[in-house]
2 protein chains.
Amino acid sequence: MMQKRDYKAKLDASQYKLTGQRATVLDVMIKNRGQHLSAEEVLQQARLTRPNIGIATVYRTLEKLASLEILYKGMFDSGKYRYELADEREHHHHHVVCMNCGSISEIKDDLLCELEKNIEKQGFRIVDHDLKFFGYCPACSKF
Amino acid sequence: MMQKRDYKAKLDASQYKLTGQRATVLDVMIKNRGQHLSAEEVLQQARLTRPNIGIATVYRTLEKLASLEILYKGMFDSGKYRYELADEREHHHHHVVCMNCGSISEIKDDLLCELEKNIEKQGFRIVDHDLKFFGYCPACSKF
DNA sequence: ATTAATAATGATAATTATTATCAATAGGGA
DNA sequence: TCCCTATTGATAATAATTATCATTATTAAT
Ligand SMILES: [Mn+2]
Ligand SMILES: [Mn+2]
Ligand SMILES: [Zn+2]
Ligand SMILES: [Zn+2]
């Protein structure tokens with residue numbers, strides 16, 4: 001699993017410097033590994049340790065971290081983006097969005113390679129994919 | 001392929017009545033089968049034959065038609081939804097979004113059944129999925 | 001046919017997430 | 001220290017969508 005210093009090294013290697021605000025946002029994401037947070041939720045958390053950080057800085061930082069692939073940015077419930085810490089060691093996982101409670105669960109299986117190969121035979125060049133399942137999580141599907 | 005009368009029958013069978021405005025929106029979608037239109041684009045088209053239809057009615061109608069599964073509602077380029085005519089005879093197809101020209105291409109293959117089965121073994125109940133590939137279309141991947 | 005109840009419409013205001021603007025601040029060399 | 005550039009935070013602007021509400025159309029009942 002990637003450690004805090006790995007993420008910081010990745011930022012150092014980029015054109016961006018690790019300011020206090022950026023470190024705060026990164027810390028929030030590391031503390032919430034496995035969670036899928038909205039910008040507003042990140043702001044709340046960040047203000048616990050840095051009360052006057054602005055929402056614009058949070059958006060800017062999330063965007064930068066996502067462009068460095070430190071974060072994954074995705075749309076689950078519609079209307080707003082959510083961010084989660086990425087671990088580049090492993091291929092990006094897929095999600096099950098519960099249509100009852102809204103929970104987001106992770107799927108490790110990846111059977112899309114074959115499908116991607118088929119598509120590339122047709123002349124496309126595939127660089128990424130986005131797969132979400134919608135249904136009911138184990139807790140909700142009991143009822 | 002589903003005909004206009006099939007869609008109209010589906011609407012009749014529902015709680016909604018086929019008003020003039022709704023017929024106009026449906027006609028636009030049928031005329032643009034295979035296209036992925038935004039609400040604003042539907043409005044433009046609709047106003048060609050019904051100049052004073054309002055944007056609120058377009059949104060309301062698209063929402064209704066999607067809930068009846070006459071349309072499929074999806075987010076491709078971020079920020080706005082796009083709608084396309086569904087053909088319930090066939091399982092919903094997947095998409096390749098070109099990262100250069102933005103074109104949306106269709107994929108008929110579906111290799112997700114096995115993956116869905118795996119997930120259901122873990123206690124989930126899957127009712128839908130959403131898969132998008134991002135990359136370059138044949139035209140754009142030549143360069 | 002007239003009336004009353006209900007549903008649908010269009011204009012427009014409100015909302016929400018996100019982005020742009022801009023003046024103030026911070027930090028890193030010469 | 002002084003200059004230069006990047007960053008920040010407050011706030012305005014934007015864009016898509018939804019809510020509100022008065023008006024109109026449709027249906028059902030009398
Ligand atoms: Mn995840
Ligand atoms: Mn399509
Ligand atoms: Zn659930
Ligand atoms: Zn292209």
Side-chain angles (χ1 to χ4, degrees), chain A residues 8 11-29 36-68 70-84 102 104, chain B residues 8 11-29 36-68 70-84 102 104:
Chain A
K8 293 195 166 160
L11 248 177
D12 286 341
S14 80
Q15 63 182 297
Y16 308 116
K17 56 190 90 160
L18 183 59
T19 65
Q21 287 85 338
R22 287 172 187 168
T24 299
V25 169
L26 183 53
D27 286 345
V28 167
M29 297 311 296
H36 307 79
L37 303 180
S38 67
E40 200 58 45
E41 287 166 348
V42 174
L43 178 71
Q44 309 303 330
Q45 296 275 327
R47 285 201 162 151
L48 297 179
T49 58
R50 187 178 288 265
N52 52 0
I53 191 173
I55 184 70
T57 297
V58 169
Y59 271 109
R60 282 187 287 239
T61 304
L62 291 173
E63 208 52 44
K64 279 193 206 330
L65 296 179
S67 80
L68 295 173
I70 290 174
L71 301 182
Y72 166 71
K73 174 183 180 181
M75 176 93 70
F76 301 96
D77 45 17
S78 83
K80 76 179 89 163
Y81 284 102
R82 293 183 169 277
Y83 303 82
E84 68 173 312
I104 302 169
Chain B
K8 294 195 166 160
L11 248 176
D12 286 341
S14 81
Q15 64 183 293
Y16 308 115
K17 55 191 92 161
L18 183 60
T19 64
Q21 290 79 339
R22 288 172 186 167
T24 299
V25 169
L26 183 53
D27 286 345
V28 166
M29 298 310 296
H36 307 80
L37 302 180
S38 67
E40 199 58 44
E41 288 166 348
V42 174
L43 178 70
Q44 308 304 331
Q45 296 275 326
R47 285 199 161 151
L48 297 178
T49 58
R50 188 178 289 266
N52 52 0
I53 191 173
I55 183 68
T57 297
V58 168
Y59 271 108
R60 282 187 287 239
T61 304
L62 291 173
E63 208 52 43
K64 277 192 204 334
L65 295 179
S67 79
L68 294 172
I70 291 173
L71 301 183
Y72 166 72
K73 174 183 180 180
M75 177 93 71
F76 302 96
D77 43 18
S78 83
K80 76 180 88 165
Y81 285 102
R82 293 184 169 277
Y83 303 81
E84 68 173 311
I104 302 169

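We name chains A, B, ... by the order of the sequence lines, and we start the count at 1 in each one. All figures in this text were calculated on a predicted structure; none of them were measured in a lab.
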* **Donor-acceptor under 3.5 Å (B:R22 side chain, B:K17 main chain)** => yes
Residue pair B:K17/B:I55 against DNA chain D: nearer the 5' end by closest nucleotide is B:I55
Measure from [atom1] on [X] to [atom2] on [N] and round the result to the nearest Å.
X	N	atom1	atom2	value
A:I53	C:dT25	CD1	C1'	15 Å
A:N52	D:dT7	CG	C1'	14 Å
A:K64	C:dT19	NZ	C1'	13 Å
B:L65	C:dA8	CG	P	13 Å
B:E40	D:dT17	CD	C1'	11 Å
A:L18	D:dT7	CG	P	11 Å
B:Y81	C:dT16	OH	P	16 Å
B:L62	C:dT9	CG	C1'	15 Å

inquiry  = Between B:I53 and B:V25, is there a side-chain heavy-atom distance shorter than 4.5 Å?
reply    = yes
Are side-chain heavy atoms of A:T19 and A:T57 found at a separation under 4.5 Å? no
What's the closest nucleotide to the [X] side chain, out of [options]?
X	options	value
B:E63	D:dA10, D:dT8, D:dT18	D:dT18
A:K80	C:dA8, C:dA11, C:dA17	C:dA17
A:A56	C:dA20, C:dA11, C:dT12	C:dA20
A:R22	D:dT7, C:dG10, D:dG9	D:dT7
A:Y59	D:dT17, C:dG10, C:dT19	C:dT19
B:R60	C:dT9, D:dT17, D:dT8	C:dT9

Between [N] and [X], is there an OP1 or OP2 to side-chain N/O distance shorter than 4.0 Å?
X	N	value
B:Q21	D:dA25	no
A:Q15	D:dA6	no
A:T19	D:dT8	yes
A:T57	D:dG9	yes

* Would you please say whether a donor-acceptor pair under 3.5 Å links the side chains of A:Q44 and A:E40? => yes
Between B:K73 and the options B:E63, B:H36, B:R82, the side-chain contact (heavy atoms from CB on, under 4.5 Å) test singles out B:E63
